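All of these numbers come straight from a predicted model, not from anything done at the bench. In what follows, every chain begins at residue 1, and chains take the letters A, B, ... in the order their sequences are listed.
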Protein chains: 2
Amino acid sequence: MVTATSARGRIDKRQAILEAAFTVFARRGYDQACVQEIAEEAGVAKPTVYNHLTDKENLFRHAVLAVADRVMAENLGVVERLREPGDDLRAVLEDVAYRLSRVCSSEQARALRSLAYGHAGRFPDLIDVVRERTSHRLREALADRLARLSLAERLRPCDPAVAADQFLALLTGPMEVRSHPGVHKVSAADTRVVANAAVDTFLRAYKPD
Amino acid sequence: MVTATSARGRIDKRQAILEAAFTVFARRGYDQACVQEIAEEAGVAKPTVYNHLTDKENLFRHAVLAVADRVMAENLGVVERLREPGDDLRAVLEDVAYRLSRVCSSEQARALRSLAYGHAGRFPDLIDVVRERTSHRLREALADRLARLSLAERLRPCDPAVAADQFLALLTGPMEVRSHPGVHKVSAADTRVVANAAVDTFLRAYKPD
DNA sequence: ATCAAATTGAACCAGCGAGTTCAATCGACG
DNA sequence: CGTCGATTGAACTCGCTGGTTCAATTTGAT
């Protein structure tokens, strides 16, 4: 059996390769990204890349999926904050909205969407997986929480699925208008404004009574 | 000077090339689309393509911009219907919402966004132009109409810009969840449901009182 | 008919990048 | 120290595609 250090060494190298692959794919696109550059970015030789991940295609898939998992975990963690809302519903909604906005407009998440949607033609299955692990999972989790809130009469009776859709739409829609891709990231203050506006209209539409 | 018919003949061929270029770029992506295939799709020889549009890059830009202009025109036409709203505001909003959904989730519009966002890395300026001619123009036009409605006390006092953003978000957000790319298009009935739901929460949040 | 411009098909060049091979090197472990 | 496996760098093959050239042909106007 291989010793702990060497195994760890291998794992680290694989992670480094995947990490580098994602950043290079993100900045060049699939076709323009050459394996050579990925190898350099990872601080590794080209044959080593092919040693760990057989194809350029495999490399792409694994890199994208890894990031998708990370983003999904963050999103679910944020929504979990709605499990025990205090007496100030608006405050906790604003908090959740703000954090979700930050995650969804992070560099990683934006690059992820850009890659998946941009290469939908060549990797049709990949886009499904990405959507499943980001949008859908997030939608389901949020719908669960909203259902409980509705049942507890903190929100008016409604279809939790469409409420979740609309909440997320109110968040991400206005955000992506403000985020010129590549250039200056959206400021935290701006994000907060958008998040609060989203929560405001959401509550106007979904408050009890 | 060239006669009308020959000029028309040239124009037709140019249009055919641009049309073909867009469809091929849409289905293959920029890099995988070879000029040969575009020429075949247009029913034309390869040198003819280079005769009309110098570069592959130029070809791409012109093809994308042409479609962007078409989509923008459709969008603006739809919003124009809000200029004289009848006494049933909800009905006309639902109509506009439905038509906007159809346009924004049309094959052309989806391919357009996919192309622009997917190749944002290589053509940073192109994405700006596309956004300008679709999202921004639409946003502005809608904000204008909403401002008038607010002034006429058919909507509560509000910032027309954020109201427009949120209206569009409520529309397009839930739509793109339902549209698996490539496969079955969203049914008209489904679109109507989403549009009506969007108008319902929008009116709940923005009705006077 | 005739002339000029546009079009065509085919061949050709050049560059680029995926993927492979291989000898040299490194690093852990006994 | 010696061994074995992983890593490295460099060179190489190979296919593909953008872009060009050119002679032959078509098209359409006068």
Side-chain angles (χ1 to χ4, degrees), chain A residues 1-64 115 119 121-123 126, chain B residues 1-64 115 119 121-123 126:
Chain A
M1 166 196 171
V2 243
T3 70
T5 69
S6 79
R8 166 54 63 120
R10 276 192 58 104
I11 281 188
D12 281 356
K13 222 152 237 181
R14 185 190 168 92
Q15 288 300 337
I17 290 175
L18 286 178
E19 200 91 27
F22 185 84
T23 63
V24 172
F25 280 133
R27 75 158 156 263
R28 299 261 191 250
Y30 180 79
D31 305 86
Q32 285 298 316
C34 63
V35 181
Q36 179 61 42
E37 186 177 355
I38 295 178
E40 288 169 3
E41 178 92 14
V44 113
K46 188 162 66 147
T48 310
V49 175
Y50 284 98
N51 183 24
H52 283 267
L53 298 123
T54 57
D55 265 336
K56 189 186 185 183
E57 179 174 334
N58 233 271
L59 185 51
F60 183 66
R61 299 192 117 92
H62 280 79
V64 165
L115 278 183
H119 304 81
R122 196 164 353 167
F123 307 110
L126 193 58
Chain B
M1 167 200 168
V2 244
T3 71
T5 68
S6 81
R8 165 56 61 119
R10 277 191 58 107
I11 279 189
D12 281 355
K13 219 152 239 182
R14 186 192 169 92
Q15 287 301 335
I17 290 175
L18 286 178
E19 200 92 26
F22 185 83
T23 63
V24 171
F25 280 134
R27 75 159 156 266
R28 300 259 191 252
Y30 179 78
D31 304 86
Q32 285 298 314
C34 61
V35 182
Q36 180 61 43
E37 186 178 355
I38 295 178
E40 289 168 5
E41 178 93 12
V44 113
K46 189 161 68 143
T48 308
V49 175
Y50 283 99
N51 184 22
H52 283 268
L53 298 124
T54 57
D55 264 336
K56 188 186 184 183
E57 180 172 334
N58 236 275
L59 185 51
F60 183 66
R61 299 191 117 92
H62 279 80
V64 166
L115 278 183
H119 304 83
R122 198 169 346 173
F123 306 111
L126 192 57

- Note on the structure: Sorted by chain and residue number, the side chain to side chain contact (heavy atoms under 4.5 Å, CB included) partners of B/Y50 (sequence neighbours excluded) come out as B/V35, B/K46
- Query: Does any N or O in the side chain of A/K56 come within less than 3.5 Å of the main-chain N or O of A/Y30, such that one atom is a donor and the other an acceptor?
  - Reply: yes
- Query: Can you tell me if the side-chain N/O atoms of A/T48 get under 4.0 Å from OP1 or OP2 in D/dT7?
  - Reply: no
- Bend angle of the helix from C/dA1-D/dT30 to C/dG30-D/dC1 from five-pair axes at both ends, rounded to 10°? 20°
- Sorted by chain and number, sequence neighbours left out, side chain to side chain donor-acceptor pair (under 3.5 Å) with B/E40 holds for B/Q36
- Sequence-distant partners of A/R28, side chain to side chain contact (heavy atoms under 4.5 Å, CB included), two or more places apart: A/V24, A/Q32, A/A33, A/E37
- Query: Where along nucleotides 16-26 of chain D does protein come under 4.0 Å, by heavy atom, of base (B) or sugar-phosphate alone (S), with - for untouched nucleotides?
  - Reply: -SSBBB-----
- Given D/dT7, is OP1 or OP2 found less than 4.0 Å from the side-chain N or O atoms of A/N51? yes
- Note on the structure: Atom NZ of B/K13 and atom P of C/dA5 are separated, to the nearest Å, by 17 Å
- Can you check whether B/T23 reaches B/E41 side chain to side chain, under 4.5 Å on heavy atoms? yes
- If we only count heavy atoms from C-beta on, is the B/F123 to B/V64 side-chain gap below 4.5 Å? no
- Query: Can you find a heavy atom in the side chain of B/L59 that is under 4.5 Å from one in the side chain of B/T54?
  - Reply: no
- Query: Residues in side chain to side chain contact (heavy atoms under 4.5 Å, CB included) with A/A63, at least two apart?
  - Reply: A/L18, A/A21, A/F22
- Distance check: side-chain N/O of A/H52 vs OP1/OP2 of D/dA6, anything under 4.0 Å? no
- Item | Between C1' of C/dA18 and CZ of A/F25, the distance in whole Å | 12 Å
